[in-house]
Amino acid sequence: ALIKIIRECATNAIRHANATKLFVNISQDRIEIFDNGKFTNQTFIENTGIKGMRLNAETLGGELIISKDVGFKVVIKMQR
């Protein structure tokens with residue numbers, strides 16, 4: 001499930017943000033995935049890619065959160 005989420009983030013980073021790097025930070029209670037691209041569209045539609053990531057996060061026992069404060073970041077908060 002985590003590999004599927006990372007792959008979707010990489011695809012979106014290349015396709016929508018012209019990113020060249022993808023960063024994945026994993027800690028005990030959260031996973032953060034972000035890139036070095038330029039996320040210019042502050043509004044987005046949650047289509048099959050993000051819905052799939054949300055389902056995969058739930059499979060891992062977590063909750064998917066999208067952050068658009070600085071670029072585009074996917075955070076998976078793990079349940080304790």
Side-chain angles (χ1 to χ4, degrees):
L2 181 55
I3 297 299
K4 289 178 182 177
I5 293 170
I6 293 170
R7 182 176 55 218
E8 181 65 26
C9 286
T11 299
N12 289 343
I14 293 166
R15 184 176 291 159
H16 301 296
N18 271 348
T20 59
K21 295 180 182 178
L22 188 73
F23 304 94
V24 180
N25 293 329
I26 301 174
S27 65
Q28 191 172 7
D29 61 346
R30 70 191 290 132
I31 300 166
E32 297 179 343
I33 306 166
F34 56 97
D35 59 58
N36 68 340
K38 302 289 184 212
F39 181 69
T40 57
N41 185 1
Q42 290 299 318
T43 60
F44 66 95
I45 299 170
E46 192 166 312
N47 284 324
T48 56
I50 294 176
K51 287 179 184 177
M53 287 193 295
R54 193 174 300 287
L55 289 173
N56 282 311
E58 290 171 5
T59 299
L60 294 171
E63 171 191 7
L64 186 94
I65 300 166
I66 304 292
S67 170
K68 301 181 295 180
D69 294 336
V70 179
F72 190 82
K73 181 194 290 187
V74 171
V75 177
I76 303 167
K77 283 186 160 182
M78 303 305 290
Q79 305 295 327
R80 289 191 157 191

From K38 NZ over to N18 CG, what is the distance, rounded to the nearest 0.5 angstrom?
10.5 Å
Would you list the pairs meeting ring-ring contact (aromatic ring centres under 6.0 Å, His included) in which at least one residue belongs to residues 50-69, sequence neighbours left out?
none
If you round to the nearest 0.5 Å, how far is CG of D35 from CG of N12?
9.0 Å
Listed by chain and number, what are the side chain to side chain contact (heavy atoms under 4.5 Å, CB included) partners of N25, not counting sequence neighbours?
E32, F34
Shared hydrophobic cluster, I50 / I6 (ILVMFWY, side-chain heavy atoms < 4.5 Å)
yes
For the residue pair M53 and C9, what are the closest heavy atoms and their distance?
SD-SG, 3.7 Å
I26 reachable from F23 in the ILVMFWY side-chain graph, under 4.5 Å edges
no
Could you tell me which residues satisfy salt bridge (Lys or Arg N to Asp or Glu O under 4.0 Å) with E58, sequence neighbours excluded, listed by chain and number?
none
Indicate, with yes or no, if I66 and I5 share a hydrophobic cluster defined by side-chain heavy-atom contacts under 4.5 Å among Ile, Leu, Val, Met, Phe, Trp and Tyr.
yes
To the nearest 0.5 Å, how far apart are CD in E8 and OG1 in T48?
7.0 Å
Where do A19 and G37 come nearest, in terms of heavy atoms and distance?
CB-N, 3.6 Å
Tell me the closest heavy-atom pair linking K77 and I65, and the distance in Å.
CD-CD1, 3.5 Å
About how many Å separate CG of N56 and CZ of R7, when rounded to the nearest 0.5 Å?
9.0 Å
Spatial distance of atom CD (E63) from atom CD1 (I76) [nearest 0.5 Å]
10.5 Å
State yes or no: do V74 and M78 share one hydrophobic cluster built from I, L, V, M, F, W and Y residues joined by side-chain heavy-atom distances below 4.5 Å, directly or via other members?
yes
If two hydrophobic side chains count as joined below 4.5 Å and joins carry through other members, does L55 share a cluster with I33?
no
